[in-house]
Amino acid sequence: MIIILKDNADKRQLDALKRWVETQNVHVHQSEGAHQTILGLVGDTVRIDIDMIKQLEIVEDVRRIQEPFKSANRKFHPMDTVINVGGVPVGDGSLCIIAGPCSIESESQIMTVARSVKKSGASMLRGGAFKPRTSPYSFQGMRDEGIKLLLQAGKETGLPVVTEVMDLSQLDLFTDVDVIQVGARNMQNFELLKELGHCDKPILLKRGLSATYQELLMSAEYILANGNDNVILCERGVRTFENYTRNTLDISMIPAIKELSHLPVIIDPSHAAGMSRFVSPLSRAAVAAGTDGLIIEVHNDPARAKCDGPQSLTMEAFDSLTKELNKLHELIKASKIK
């Protein structure tokens, strides 16, 4: 349920309304928009009398939200959410580019890639310490040692770091990580999502292999409902009948989710394509469609990578791509201004 307030609503009346609502065991979230102030009511609102609230002097309108996701809903929070990650904004209209290797393999590798992507203009550094792999015989990552190396690379370059958690038991290792990533396979690990709702770190939530938009937003709702408002949604391609590419990148997800939700949306063209030669065109398409950012795999020697080498860009290719993307982004921004 949302309560839309009139302009310049009396503060004493507003505080009294909020106190009364909270006595009904409902949480109140106040959103200050450009033209409206909205009170979002989260919880069991069935017993709240809409007609009674509508009669209040400070109330313009009261509406029930029909969608099952409440806190993630744009009706609940009309303005875009902007998430600050160590001074890097996500969702403010700028283009956030997260780059780094799929998997951390050695100190030399992560440091080399980190320095390179920083020089090319990356906003954050990614790197997998724990790797969920289809085969139990594949490289599973360097685990806690990998996190130490990632943090070391982030400290040297000044880049905030992003890495994936796979299990509740690993959370203590993520104390100094800037953004915790939830992979596609864990999108509906609800116990993990609830626990991440209690932390104060941004969460990068990837869409599951066959998840609908509503299912993705309901997973985000688990994090939001437990107190963490800093959720970044990520489209990494879904599984369809087409098998020429690794997955099918759903570009329509960008405008659709932005219509449904206030949360930032970024795109992972590397996992969607599965082939490095498609990363550049998919990245350009995402920027043109209005993405808030990209997360791109970059390796210093893709041919010898222990994980996802075929979809990883060389450092030189990433440098060229960032220049293209920044030009495209500025062009699109300029056309919107006109």
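Everything numeric here is computed off the predicted structure, so don't read it as measured data.
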With the threshold set at 4.0 Å, does a side-chain nitrogen-carboxylate oxygen contact exist between [X] and [Y]?
| X | Y | value |
| --- | --- | --- |
| Asp144 | Lys148 | no |
| Arg115 | Glu156 | yes |
| Arg126 | Glu297 | yes |
| Lys327 | Glu330 | no |
| Asp319 | Lys323 | yes |
| Lys6 | Glu60 | no |
| Glu324 | Arg284 | yes |
| Lys258 | Asp80 | no |

Spatial distance of atom [atom1] ([X]) from atom [atom2] ([Y]) [nearest 0.5 Å]:
| X | Y | atom1 | atom2 | value |
| --- | --- | --- | --- | --- |
| Leu150 | Lys155 | CG | NZ | 14.0 Å |
| Leu149 | Met142 | CG | CE | 5.0 Å |
| Leu5 | Gln13 | CG | CD | 10.5 Å |
| His299 | Leu313 | NE2 | CG | 12.0 Å |

Tell me if a side-chain donor or acceptor on [X] pairs with a main-chain N or O of [Y] at a distance below 3.5 Å.
| X | Y | answer |
| --- | --- | --- |
| Glu67 | Phe69 | no |
| Ser283 | Val279 | yes |
| Lys201 | Val177 | yes |
| Ser31 | Ile38 | no |
| Asp61 | Arg63 | no |
| Glu195 | Glu191 | no |
| Thr112 | Ser108 | yes |
| Glu259 | Pro255 | no |
| Glu164 | Ile180 | no |
| Asp178 | Val85 | no |

Mark yes when over 12 heavy atoms from residues, nucleotides or ligands other than Arg143 sit less than 6.0 Å from its CZ; otherwise mark no.
no
What I'd like to find out is whether the side chain of [X] reaches to under 4.5 Å of the side chain of [Y], using heavy atoms alone.
| X | Y | answer |
| --- | --- | --- |
| Gln152 | Met111 | yes |
| Leu233 | Val231 | yes |
| Leu294 | Leu325 | yes |
| Arg236 | Asn247 | yes |

Is it the case that [X] and [Y] place a side-chain donor and acceptor less than 3.5 Å from each other?
| X | Y | answer |
| --- | --- | --- |
| Asp268 | His271 | yes |
| Glu32 | Thr37 | yes |
| Tyr222 | Asn189 | no |
| Thr45 | Arg64 | yes |
| Gln311 | Arg246 | yes |

After noting the C-alpha distance and the side-chain angles of Ser71 and Glu221, does the key distance pass the side chain to side chain contact (heavy atoms under 4.5 Å, CB included) rule?
CA-CA 6 Å; Ser71 296; Glu221 193 78 9; 3.5 Å; yes
Taking all heavy atoms of [X] and all of [Y], pick out the closest pair and write down the distance.
| X | Y | answer |
| --- | --- | --- |
| Glu22 | Val28 | CG-CG2, 3.9 Å |
| Val265 | Ile257 | CG2-CG2, 3.5 Å |
| Ala129 | Gly146 | CB-C, 4.0 Å |
| Val82 | Pro89 | CG1-CB, 4.2 Å |
| Asp10 | Arg12 | OD2-N, 3.1 Å |
| Lys18 | Leu39 | CG-CD1, 4.1 Å |

Among Met218, Lys206, Glu215, which residue satisfies the side-chain contact (heavy atoms from CB on, under 4.5 Å) criterion with Met187?
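Between Met187 and the candidates, side-chain contact (heavy atoms from CB on, under 4.5 Å) is satisfied uniquely by Glu215.
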Please state whether the rings of His262 and His77 are parallel, tilted or perpendicular, taking 30° and 60° as the class boundaries.
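Rings of His262 and His77: parallel, as their planes differ by under 30°.
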Once you measure the plane-to-plane angle for Tyr244 and Phe278, does it fall in the parallel (<30°), tilted (30-60°) or perpendicular (>60°) bin?
tilted
